[in-house]
Amino acid sequence: MSLHRKGRAALVLALVAVVAMAFRVSWNALRDIAGAVGADDTAAMLYPFVVDGLMALALIATLVLADRDRTFALRVLGAYTVASLVLNYVHGLVPELHGRTVDWGRLADWDPANWALVLLATSLPVGSIYFGSDLVAKVLHHRPAPIPAASTNAEESTETTMKRSTADLPVSTPAPITPNAAVLPRLVAVGFLKSTLPAKPLPSIAPTPSAPIERRAVAAESTRPRRATGRVPAVAKSTRPKRTPDQLLVEARTATADWPDAKVTAEGIRRAVRTSPVNARALRDTLRAERAEGAAA
C-alpha cells in the first residue's frame, strides 16, 4: 500500500513539473500576444495566467467531477488548450511580435484571419471568468457517490469469501445410502381355507330383558338471570300523590301566568309542572285556547 501511494505522489509531482515548464515556455508567446492587442505591461504579464491557469483549473475539475460535469470540464480544457496552441503558433509565425514592433491590433496580414485572432485573444479573459466560476461552483457542490463497503478493501473481501466457503454445520453430511442388492427368498403361497380342526361348542347365553326408558318432561335451563317478581316495596314507590287534570291545569296556569305566548310549549310546561309529555301537550292546548279567548274578548 505504501508503494502504491508513493507511485501516485511521484506521478503528481511529475505532472506539476511538466505543467510548470510548459507554462514557462508559453509565457512569452501569450505575453507578446496580449501586448499586441492593446494590453499594458501589467495586463500582459498576467495574461498567461488567464489562459493557462484556467487550463489547470479545468484539469483539476475533470479529476473531481463526474458524468455530465466532467464532460463540461473536459470541453473547457480542450477549448482553452486549442486557443493557447493557436496563439503560440501565431507568435511563432510573426517574428515582429517578439520585439513588439508589430502594429497595434495586427496579428496577421489577411484581414479575416487578423479579426479572428484578435477576437480570440480578447475573449479569452472573459471566458476565463465565466467558465472558471462555473467550474469552481460545480466542484464545491459536488457530492461523491458512496463507495460500497464490500469493495473498500479487496483483501478483506477475498478473505471473507474464503471463510464463507467452509461448511457452517459442525457435523459433516452423511454419506449417501446405497440400496441393498441382496436377493430375497421367493414367497411361499399360503392357503386361505378354514382349518379342519373341530371347534369347541360354547354354551348359549339367554338375553337379559332390559327395562324400557321412560320419557319425562324436563324444564329447559336458561342462562339469563331471572327477574325479581313480587310486590314493589313501599320504599320504592313515589311519595307524591297522583294529581287530577284539574289540579294539573291550576298548577300550569300558576306557573305560566307571566310567560309570553311563544314560551308556552309542551316541553316548558312539562318541566314546570313535572308531568308526562301527554299531559303537557293537553295543558298547552288548553292554556293557548284560554289565552286566545281572553285576547278575543
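Residue numbers count from 1 along this sequence.
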key: Cluster check Tyr130, Leu120: I/L/V/M/F/W/Y, side chain < 4.5 angstrom   = yes
message = Looking at every non-hydrogen atom in both residues, tell me the closest pair between Leu124 and Val50 and how far apart they are.
response = O-CG1, 4.0 Å
ask   = Is any side-chain heavy atom of Val76 closer than 4.5 Å to a side-chain heavy atom of Phe72?
value = yes
task = Please work out whether the ring planes of Tyr80 and Phe131 are parallel, tilted or perpendicular, with thresholds of 30° and 60°.
result = perpendicular
note = Here the salt bridge (Lys or Arg N to Asp or Glu O under 4.0 Å) pairs for residues 257-269, sequence neighbours left out, are Asp261-Arg291, Glu267-Arg270, Glu267-Arg271
Pairwise distance OG1(Thr62) to CG(Asp69) - rounded to 0.5 angstrom = 10.5 Å
inquiry  = Is the shortest side-chain heavy-atom distance between Leu287 and Leu249 below 4.5 Å?
reply    = yes
key: For Arg274 against Arg243, the heavy-atom pair lying closest together   = O-NH2, 2.9 Å
task = Kindly give the heavy-atom pair with the smallest separation between Trp259 and Gly268, and that separation in Å.
result = CH2-O, 3.7 Å
note = OG1 (Thr42) and CG (Asp40) are apart, to the nearest 0.5 Å, by 5.0 Å
request  = Locate the shortest heavy-atom distance separating Ala121 from Tyr47; write the atom from each residue and the value.
outcome  = O-OH, 2.6 Å
query = Looking at side-chain heavy atoms only, is the closest gap between Leu85 and Thr81 below 4.5 Å?
reply = no
Side chain proximity check, Val136 to Leu57, heavy atoms < 4.5 angstrom = yes
key: Nearest heavy-atom neighbours spanning Ser84 and Val51   = CB-CG1, 3.9 Å
ask   = Ile60 versus Val139: any side-chain heavy-atom pair under 4.5 Å?
value = no
key: Where Ala280 and Thr275 come nearest, the two heavy atoms and their spacing   = N-CG2, 4.0 Å
request  = Begin from the C-alpha positions of Thr256 and Leu283 and carry the test side-chain contact (heavy atoms from CB on, under 4.5 Å) through to its verdict.
outcome  = CA-CA 11 Å; Thr256 61; Leu283 294 173; over 6 Å; no
query = Would Leu13 end up clustered with Leu63 when hydrophobic side chains under 4.5 Å apart are linked, directly or stepwise?
reply = no
inquiry  = Would a single hydrophobic cluster contain both Leu140 and Leu54, if residues Ile, Leu, Val, Met, Phe, Trp and Tyr are joined by side-chain heavy-atom contacts under 4.5 Å?
reply    = yes
Verdict with supporting geometry, Ile269 and Thr265, side-chain contact (heavy atoms from CB on, under 4.5 Å) = CA-CA 6 Å; Ile269 295 173; Thr265 59; over 6 Å; no
query = Can Leu77 be reached from Leu65 by stepping across I, L, V, M, F, W or Y side chains whose heavy atoms are under 4.5 Å apart?
reply = no
key: Nearest-0.5 Å distance, OG of residue Ser133 to NZ of residue Lys138   = 12.0 Å
ask   = Is it true that atom CZ of Arg288 has more than 12 heavy atoms of other residues, nucleotides or ligands lying nearer than 6.0 Å?
value = yes
task = Using the rule that two of Ile, Leu, Val, Met, Phe, Trp, Tyr join whenever any of their side-chain heavy atoms come within less than 4.5 Å, decide whether Tyr89 and Leu119 are in one cluster.
result = no
